[in-house]
There are 2 protein chains.
Amino acid sequence: MDLNNDQPFEQMHFVEEVGLMFELIGMPRMSGRIFGWLLISEPPQQSNTALAEVLQASKGSISTMTRFLIQLGLVERVSVPGDRRDYFQIKAHAWSQLTKQRLVQIGEFRKLAARGLDLMTSAPPQYKRRLQEMHDIHAFWERELPLVDERWEQEEAKQRIGKDT
Amino acid sequence: MDLNNDQPFEQMHFVEEVGLMFELIGMPRMSGRIFGWLLISEPPQQSNTALAEVLQASKGSISTMTRFLIQLGLVERVSVPGDRRDYFQIKAHAWSQLTKQRLVQIGEFRKLAARGLDLMTSAPPQYKRRLQEMHDIHAFWERELPLVDERWEQEEAKQRIGKDT
DNA sequence: CTAAATGTTCAGTAAACACTGAACATTTAG
DNA sequence: CTAAATGTTCAGTGTTTACTGAACATTTAG
C-alpha cells in the first residue's frame with residue numbers, strides 16, 4: 001500500500017471504501033475514490049491536479065473519471081474567474097440524478113419484457129407468466145419511483161427551512 | 001457469430017439482449033443469457049445440458065452461472081422424481097428478491113455516509129451538507145423501499161384473482 | 001461389474017477493463 | 001515570441017474477470 005501522502009489514514013480509508021462501493025455497483029473504482037474524496041475534502045471544490053496528488057493517480061485517469069462522474073450527473077465542474085484551473089464538486093441533488101438513471105434502466109427492462117412477450121404470442125398462457133410478471137413489476141416501479149423521489153424532494157425542502165441554504 | 005443451432009434468430013437475439021442488460025448492471029453476461037432463455041423457453045424448466053446446448057456454452061460455465069443465479073434468488077432448481085437431471089426455472093417473485101438486495105446496498109451507503117460524517121465532526125457545517133444529504137436520502141429510501149415493495153405484492157395478488165394461480 | 005449420462009471443480013486461457021504515462025493542445029504570464 | 005501550467009487523448013500495459021475444457025465424482029442402466 002502506498003501511503004506516500006500526508007492525508008490522515010482514516011480519510012484515505014474512507015476514500016478507499018467509497019471506491020470499493022462504486023466497484024460493487026459496477027463502476028470504476030477510481031471514479032469512486034474521486035467521489036469519496038469530494039465528499040470529505042476541504043474545501044469541497046478540488047482541482048484536477050489536487051485530485052491526482054491526493055489519490056496518487058495519473059492525470060489521465062483523473063481526467064477520464066471526472067468526465068465520467070459529470071456524465072452521470074454526480075459531479076459538476078466549477079470555474080473561478082481569474083483561475084484557469086477547473087474545480088470539481090459534488091452536485092447538489094446528485095442522488096436524485098442516480099434515481100433518474102435508474103428509471104431509464106427500469107424502462108429498458110420493461111421494454112425487454114414486452115419484446116419477450118411478442119415472441120410468445122402463441123404460447124400457452126401459463127408460459128407467459130414469467131415475462132408478464134417481469135413486465136408488470138417494472139411498469140409499477142416506473143410509475144412509483146418518480147412519485148417517491150418527488151416526496152423526498154419535498155421532505156428535504158422542508159428540512160432546509162431554518163438551516164438557510 | 002455462431003448460429004450453429006436451430007433456435008429462431010429472434011429468440012437468440014432476445015437472449016443476447018438480456019445478456020447485455022445483465023452486463024450493464026454489473027453481472028456476468030452468461031448469467032443474463034441463461035436468465036433470458038429461462039424467460040422464454042418452453043417448457044420454463046431447462047436442464048443444465050439443454051442450456052449448454054442452446055446457448056453454445058461450456059458445461060462449466062452453465063454450472064457456475066446457474067449457481068450464481070440461484071444465489072441471487074432469481075432462479076431455482078427443480079427436480080423430477082425418476083429423472084436425475086436437475087432443471088432450472090425462474091423463481092416466482094424473483095424481482096422482489098432483487099429489491100431486497102438493493103435495500104442492503106442502500107443501507108451500506110447510509111452507513112458509509114455516517115462514517116464520513118464522523119470524520120468531519122469539527123468541520124464547518126456547510127462542508128457537511130454533502131454527506132448529510134447522502135445520509136438522509138439513503139435513510140429515506142431505506143424506509144420507503146419496503147413499503148412500495150409491499151404495495152406491489154398486494155397489487156399483484158389482486159390481479160391474480162380470477163386468473164387462477 | 002462396466003458404460004453412459006449428469007454434474008462439479010479447477011487450472012489455464014482469452015477477453016475486457018482500468019490505469020499509466022507520454023504526446024499533444026490550449027491558455028496564461030512574462 | 002517562449003516557458004510554465006493545465007488539461008485531454010490515446011496507445012500500451014497490467015490486472016481482473018469470464019469462460020473453456022479436462023479431470024474427477026456420482027448416479028443410473030444394463
Side-chain angles (χ1 to χ4, degrees), chain A residues 1-2 4-5 15-16 18-38 45-72 75-89, chain B residues 1-2 4-5 15-16 18-38 45-72 75-89:
Chain A
M1 205 191 308
D2 184 3
N4 187 22
N5 65 55
V15 163
E16 205 54 35
V18 179
L20 289 173
M21 208 68 181
F22 268 56
E23 195 165 78
L24 201 73
I25 61 175
M27 291 169 177
R29 187 183 295 191
M30 187 62 77
S31 69
R33 290 207 192 95
I34 294 173
F35 191 81
W37 178 242
L38 289 178
Q45 298 78 27
Q46 295 282 307
S47 72
N48 235 316
T49 313
L51 289 171
E53 192 172 329
V54 173
L55 304 176
Q56 298 283 301
S58 69
K59 284 194 304 170
S61 188
I62 300 293
S63 179
T64 306
M65 288 303 137
T66 46
R67 235 167 333 107
F68 173 73
L69 288 168
I70 287 168
Q71 204 260 320
L72 280 183
V75 162
E76 62 190 352
R77 193 185 293 259
V78 292
S79 49
V80 178
D83 185 345
R84 60 180 270 260
R85 272 174 297 185
D86 283 343
Y87 293 86
F88 302 96
Q89 68 181 1
Chain B
M1 205 193 307
D2 184 2
N4 189 22
N5 65 54
V15 163
E16 204 53 35
V18 179
L20 290 173
M21 209 67 180
F22 268 55
E23 195 165 76
L24 201 74
I25 61 175
M27 292 169 175
R29 188 183 294 190
M30 187 65 76
S31 70
R33 291 206 191 95
I34 293 173
F35 191 82
W37 178 244
L38 289 179
Q45 299 78 27
Q46 296 282 308
S47 72
N48 235 316
T49 314
L51 288 170
E53 191 172 330
V54 173
L55 303 176
Q56 298 283 302
S58 70
K59 284 193 303 170
S61 188
I62 300 292
S63 179
T64 305
M65 288 304 137
T66 47
R67 236 168 331 111
F68 173 73
L69 288 169
I70 287 169
Q71 204 261 321
L72 279 183
V75 162
E76 63 189 351
R77 193 186 291 258
V78 293
S79 50
V80 178
D83 185 344
R84 60 179 271 262
R85 271 173 298 186
D86 283 342
Y87 293 87
F88 301 96
Q89 67 182 4

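Each chain gets a letter, A, B and so on, in the order its sequence line appears, and its residues count up from 1. Keep in mind that this is a model prediction, so the values were computed, not measured.
- Two residues are said to be in side-chain contact when any heavy atoms from C-beta on lie closer than 4.5 Å; A/R67 and A/Q71 fail this criterion.
- Taking the nucleotide of DNA chain D with the nearest heavy atom to each of A/R85 and A/E23, the more 5' of the two is matched to A/R85.
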Kindly determine whether A/R29 and A/L20 satisfy side-chain contact (heavy atoms from CB on, under 4.5 Å), including the steps that lead there. CA-CA 6 Å; A/R29 187 183 295 191; A/L20 289 173; 3.7 Å; yes

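- The interatomic distance linking A/D86 (CG) with C/dT26 (P) rounds to 15 Å, in whole Å.
- Using the Watson-Crick or G-U wobble rule with both distances under 3.5 Å, C/dC17 pairs with D/dG14.
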Can you list the steps and then say if B/F68 with B/T64 is a side-chain contact (heavy atoms from CB on, under 4.5 Å)? CA-CA 6 Å; B/F68 173 73; B/T64 305; 5.7 Å; no

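- Nucleotide C/dT27 forms a pair with D/dA4, judged by Watson-Crick or G-U wobble geometry with both contacts under 3.5 Å.
- Nearest-nucleotide positions on DNA chain C place B/T49 closer to the 5' end than the other of B/T49 and A/G82.
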List the steps and the verdict of side-chain contact (heavy atoms from CB on, under 4.5 Å) for B/R85 and B/N48. CA-CA 8 Å; B/R85 271 173 298 186; B/N48 235 316; over 6 Å; no

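- The separation between A/Q56 atom CD and C/dA18 atom P is 21 Å, rounded to whole Å.
- Contact between B/V15 and B/G36 at its shortest, heavy atoms only, is CG2-C, 4.1 Å.
- For the pair B/N48 and C/dA5, the criterion of a side-chain N or O lying under 4.0 Å from OP1 or OP2 is not met.
- As rounded to whole Å, 10 Å separates atom P of C/dT20 from atom CG of A/L55.
- Phosphate proximity of D/dT8 to A/R77: present, with a side-chain N or O under 4.0 Å from OP1 or OP2.
- Among the protein residues, B/S47 comes within range of no part of the nucleic acid, since none of its heavy atoms lies under 4.0 Å from any strand.
- When both distances must be under 3.5 Å, the Watson-Crick or G-U wobble mate of D/dG21 is C/dC10.
- At whole-Å resolution of the value, CD in A/E53 and C1' in D/dG7 are 16 Å apart.
- Not a single donor-acceptor pair under 3.5 Å links the side chain of A/S61 to the backbone N or O of A/S58.
- To the nearest angstrom, C1' of D/dA5 lies 12 Å from OH of A/Y87.
- Counting to the nearest Å, the P atom of C/dC19 and the CZ atom of A/R29 are 8 Å from each other.
- Computed from coordinates, the B/L24 CG to C/dC17 C1' distance equals 15 Å when rounded to whole Å.
- Of the residues in residues 59-70 of chain A, those lying under 4.0 Å from DNA chain C by heavy-atom distance are A/G60, A/S61.
- Between the side chain of A/S63 and the backbone N or O of A/K59 there is no donor-acceptor pair closer than 3.5 Å.
- Contact annotation: side chain of A/R84 to base of C/dT27, donor-acceptor pair present below 3.5 Å.
- For the pair A/D83 CG and D/dA4 P, the interatomic distance rounds to 20 Å; values are reported in whole Å.
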